[in-house]
Amino acid sequence: PPPIDPPVFEDEIGPIGLPFAISFSDQIINFKSVPFGRFIRGDHNPVGRAEALPKHSVQLTTPFWISEFEITNEQYIAFLNDTDTSLRLKDGIISGDYNHDGVDEVWLKIKPVSLGFIESNITVAEENKDHPVVEVSWYGAMAYCKWLSEKQSGTYRLPTDGEWEYAVRGNQANDVGIIVYTRYPWG
């Protein structure tokens, strides 16, 4: 039989820091603190997905902050309209030269229903402004983080795989202080 991971106890989870917000243009991004701690990474469903097995213990040694919500279409469009990189649109794909090496990388695949028109500025349909931006490549996400870091004079980055899983998993302690994982923390 597979080894049983030791339980994670409430006292293994660090303190939660204060939330903060940043603003640019007319946009606000709220950040929440995620404490350091240990968690069992992987699929906790008995049948589990192959790529999420085997479960294993992961220790995050430093707290981090993560955006409370996904980046919206409107927030991403603010970046595209403000970036100093020349953007190109062809066949529904926005590309730019992230590495400044003369080679364009795909940043975003767009669908006519999600974005408006590209003239002097890119716009987004009113009903889609607050929806999460989708079809963003790694290059497009990294370019956004770089732009945001420059705009805010700070360091903004994508979470690691482990940080992402830890943040979205949700820690809920049972009556004896052992962290209980659910497949979907929201219900």
Side-chain angles (χ1 to χ4, degrees), residues 17 19-36 39 41-43 49 51-52 58 60-118 120-170 184-186:
F20 71 94
I22 60 171
S23 61
F24 55 91
S25 305
D26 59 346
Q27 301 297 308
I28 296 174
I29 301 176
N30 294 306
F31 286 84
K32 298 287 187 177
S33 169
V34 180
F36 64 84
F39 75 108
R41 185 170 183 189
D43 197 331
R49 294 187 333 256
E51 69 271 11
V58 173
L60 296 176
T61 58
T62 57
F64 60 97
W65 282 258
I66 194 165
S67 175
E68 182 176 16
F69 301 106
E70 293 90 349
I71 300 304
T72 66
N73 285 318
E74 191 170 32
Q75 291 164 340
Y76 197 80
I77 296 302
F79 147 67
L80 291 176
N81 286 330
D82 191 55
T83 186
D84 61 357
T85 299
S86 296
L87 299 176
R88 280 151 294 291
L89 172 66
K90 183 177 180 187
D91 299 328
I93 295 176
I94 293 178
S95 59
D97 186 3
Y98 172 75
N99 294 319
H100 302 288
D101 59 2
V103 177
D104 282 349
E105 296 89 14
V106 171
W107 284 13
L108 175 68
K109 295 178 184 177
I110 61 172
K111 298 176 183 172
V113 297
S114 63
L115 295 177
F117 300 98
I118 297 177
S120 60
N121 277 331
I122 302 169
T123 61
V124 63
E126 189 65 37
E127 64 271 15
N128 295 320
K129 285 184 175 183
D130 293 327
H131 292 199
V133 65
V134 295
E135 299 289 339
V136 177
S137 72
W138 180 86
Y139 289 107
M142 292 299 289
Y144 180 86
C145 290
K146 182 179 176 183
W147 170 82
L148 192 61
S149 295
E150 291 168 359
K151 277 295 220 198
Q152 297 295 317
S153 299
T155 302
Y156 295 88
R157 63 176 177 81
L158 298 175
T160 65
D161 287 346
E163 288 171 340
W164 175 252
E165 184 169 338
Y166 183 63
V168 300
R169 181 169 298 284
Y184 304 106
W186 54 89

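Any value given below was found using the heavy atoms of this structure, including those in side chains, with hydrogens, waters and symmetry copies removed. It should be emphasised that the depicted structure is a prediction, and the values quoted were computed from it without experimental measurement.
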Given Ile29 and Ile71, is the side-chain contact (heavy atoms from CB on, under 4.5 Å) satisfied, shown in steps? CA-CA 8 Å; Ile29 301 176; Ile71 300 304; 3.9 Å; yes
Phe31 and Ser67: which non-hydrogen atoms are nearest, and at how many Å? CD2-N, 3.4 Å
4.5 Å side-chain heavy-atom contact, Asn30 and Pro19: no
Donor-acceptor pair, Ser25 side chain versus Gln27 backbone, under 3.5 Å? no
Taking atom CZ as the centre, does Phe20 end up with more than 12 heavy-atom neighbours from other residues, nucleotides or ligands that are less than 6.0 angstrom away? yes
From Ser153 OG over to Ile22 CD1, what is the distance, rounded to the nearest 0.5 angstrom? 11.0 Å
Looking at CG of Asn128 and CD1 of Ile77, how far apart are the two atoms once the value is rounded to the nearest 0.5 Å? 10.5 Å
Find out whether Lys151 and Asp82 are in side-chain contact, i.e. whether some heavy atom of one side chain is under 4.5 Å from a heavy atom of the other. yes
Taking all atoms of both residues into account, what is the closest heavy-atom pair of Gln152 and Ser23, and its distance? NE2-O, 2.9 Å
Any side-chain heavy atom of Thr72 within less than 4.5 Å of one from Val124? no
Let me see the working for Trp107 and Ser95 under side-chain contact (heavy atoms from CB on, under 4.5 Å), right down to the final yes or no. CA-CA 5 Å; Trp107 284 13; Ser95 59; 5.6 Å; no
How far does CD of Gln75 sit from CD1 of Ile28, to the nearest 0.5 angstrom? 9.5 Å
Roughly how far, to the nearest 0.5 Å, is the OH atom of Tyr166 from the CZ atom of Phe64? 7.5 Å
Smallest separation among heavy atoms of Asn99 and Glu105, with atom names: ND2-OE2, 3.4 Å
Say you draw a straight line from CG of Leu148 to CZ of Phe24; how long is it, rounded to the nearest 0.5 Å? 6.0 Å
Does a side-chain heavy-atom distance below 4.5 Å link Val34 with Leu60? no
So does Gly140 get a backbone contact from the side chain of Tyr76, meaning a donor-acceptor N/O pair under 3.5 Å? yes
Do side-chain atoms of Thr83 reach the backbone of Phe79 as a donor and acceptor pair under 3.5 angstrom? no
Quick check against the 3.5 Å criterion: does Glu74 have a side-chain atom that pairs as donor or acceptor with the backbone of His131? no
After noting the C-alpha distance and the side-chain angles of Ile66 and Glu163, does the key distance pass the side-chain contact (heavy atoms from CB on, under 4.5 Å) rule? CA-CA 9 Å; Ile66 194 165; Glu163 288 171 340; over 6 Å; no
Distance-only, no hydrogens or angles: does the Ser149 side chain make a donor-acceptor pair with backbone N or O of Tyr156 under 3.5 Å? yes
Begin with the C-alpha distance, continue with both residues' side-chain angles, and end with the deciding distance and a verdict on side-chain contact (heavy atoms from CB on, under 4.5 Å) for Phe69 and Asp130. CA-CA 10 Å; Phe69 301 106; Asp130 293 327; over 6 Å; no
So, for Asn73 and Pro132, which heavy atoms are closest and what is the spacing to 0.1 Å? OD1-O, 3.9 Å
Please check this pair: side chain of Asp97 against backbone of Asp101, looking for a donor-acceptor N/O pair closer than 3.5 Å. yes
